[in-house]
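Notes follow the structure.
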Amino acid sequence: MENLRKSVDKLALEGDLTDDEFLTLLSADESIDEYLFQKAAAVRQKHYGNDIYIRGLIEFTNYCKNDCFYCGIRRSNKNAERYRLTREEILLCAKNGHDLGFRTFVLQGGEDAYFNDEKLADIVRSLKEKYPDSAVTLSIGERTRESYQKLFDAGADRYLLRHETADIAHYNLLHPPEMSYENRVRCLKDLKEIGYQVGAGMMIGSPYQTKEHLLADIRFLQKFKPDMVGIGPFIPHHDTEYKDQKAGSLKQTLRLLSIIRLILPKVLLPATTALGTISPAGREQGILAGANVIMPNLSPKTVRKKYLLYDNKICTGDEAAECISCLTRRVQSVGCRIKISRGDAKK
Ligand code: 5AD
Ligand code: FES
C-alpha cells in the first residue's frame, strides 16, 4: 500500500511510471482507488476547475462496411435495423442542440459509403455556417488522407478515432483480417498532421485484453499525445461473436480514466455512455476519477434504439432536453457544473 501510494504520487508529479510500476498499479486491489481518483480529480480541477464540457452526439447512420467482432452495428449483424438521417434531420438535431446550449456537435456513424466526401463536406459546411460559435467533431472511422483533408477544409475541427488497442496481436483478435492496426495508426497520424484535434482511445476489458495490453495503450497515448481520449468498458452485444464475453469492469475503467488524466493532464476525457451503462452512477464516478466531458445524444428518439453498439445502452428513450436536465443534476451531484462553450483543450 505504501509503495502503491508512492507510485501514485510519482505519477501525479511526473506523469509517468516504469512498466513494472504501471503493471502493479493496474493489478492492485481497490484500496488504492480513492487515493488515485483524488489525485486525478485534483489535476482535472487544476486545469479545468469545476467545468464539465458537453458534446451533442448525432448518430447519423448505423450502416457500416466494417465487421469488428465486438460491435453491434457490424455489417454481418443481419438483425440490426439500419437507418440514415437526412441532411435536414442532422441540421435539425444540431438546431435543437444549439438551443439547449451545445457548442460541439459530434457526427458519429458507421463507415457508410453513402456519406461520401461531398455529402459530408456539405453537412459540415452548413453546420459551421449556421453555428460559427460551435465545433464540429467527426467520428466516422477510417478514410483516406485526402478525405480527411477535404472534411477539414470544409470546417471540421476535431476527429475521434479510437485506436482500440495498441497491441497488434490483440488488434487482430478484435477485428477481421481486412482491418489492420497499421492503417488505424496511419489514419490517426494523418488526422493530426492535417490539423484536427484528435481523439484516440480503447475499450477496457475487451475480449482477451491483458494488463500488458493496457500498458501498451498507456505508452501509445503518451507517445501520440491525443487531445481527447475516449475510453469505456467493453459491453457484449447479443448479436456479435463476443456475446458471451465478460463486460469490462467499472473499477478498471475508472482506474484507467485516472491514469490517463495523470499522464495527459490537459486531455479532454469523457465519462462515456458505456460507463453509465455498466453502472447507474458510472459517469458521476468517472468525473470523480478525472473525466471532464459528457456526450449526450441529440439523435431523434425514433432512431436511438437502433444505434446499439452494445446491449442495454442508456438514454435511448429520452429526449435531448431530458438528458440535459438529468446530466445537470448528475454533474452538480459531484460538485461540478456544465459549461456552455466549445470546450477546446487547454494548451
Ligand atoms: N462495447 C463497448 N464499446 C464498444 N464500441 C464498439 N462496440 C462496443 C462494445 N460492444 C466502441 C468502440 C468504438 C466506439 C465508437 O465504440 O471502441 O470505437
Ligand atoms: Fe440521458 Fe440521463 S443523461 S437521461
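The basis for the numbers below is simple: all heavy atoms, side chains too, and nothing from hydrogens, waters or symmetry mates. One-based numbering, in listed order, for ligands and for the atoms of each.
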Side-chain donor or acceptor of Arg158 paired with backbone N/O of Val136 under 3.5 Å:
no
for atom 1 (N) of ligand 1, nearest protein heavy atom and its distance come out as Ile235 N, 3.0 Å
His237 to ligand 1, any heavy atom closer than 4.0 Å:
no
Ion pair present between Glu142 and Arg162, side-chain N to carboxylate O less than 4.0 angstrom?
no
Among all protein non-hydrogen atoms, which one is nearest to atom 7 (N) of ligand 1, and what is the separation to 0.1 Å?
Tyr70 CD1, 3.3 Å
Are any of the side-chain nitrogens in Asp239 or Lys243 under 4.0 Å away from the carboxylate oxygens of its partner?
no
For this output row, return yes or no: ring centroids of Tyr70 and Tyr310 closer than 6.0 angstrom.
no
Does NZ belonging to Lys301 count more than 12 external heavy atoms closer than 6.0 Å?
yes
Among protein heavy atoms, which sits nearest to atom 3 (N) of ligand 1, and what does the distance come to when rounded to 0.1 Å?
Met203 SD, 3.4 Å
Verify, without hydrogens or angle tests, whether Asp112 (side chain) and Tyr63 (backbone) share a donor-acceptor contact under 3.5 angstrom.
no
What protein heavy atom sits nearest atom 18 (O) of ligand 1, and how far off is it?
Glu164 OE2, 2.5 Å
Can you sort out which atoms of ligand 1 are near Cys71, meaning under 4.0 Å from one of its heavy atoms?
7 (N)
Closest approach of any protein heavy atom to atom 16 (O) of ligand 1, naming residue and atom:
Leu309 CD1, 3.4 Å
Within the structure, is a non-hydrogen atom of Pro233 found at a distance of less than 4.0 Å from ligand 1?
yes
Side-chain donor-acceptor contact under 3.5 Å, His98 with Asp133:
yes
Taking atom 11 (C) of ligand 1 as the reference point, the nearest protein heavy atom with its distance
Arg162 NH1, 3.6 Å
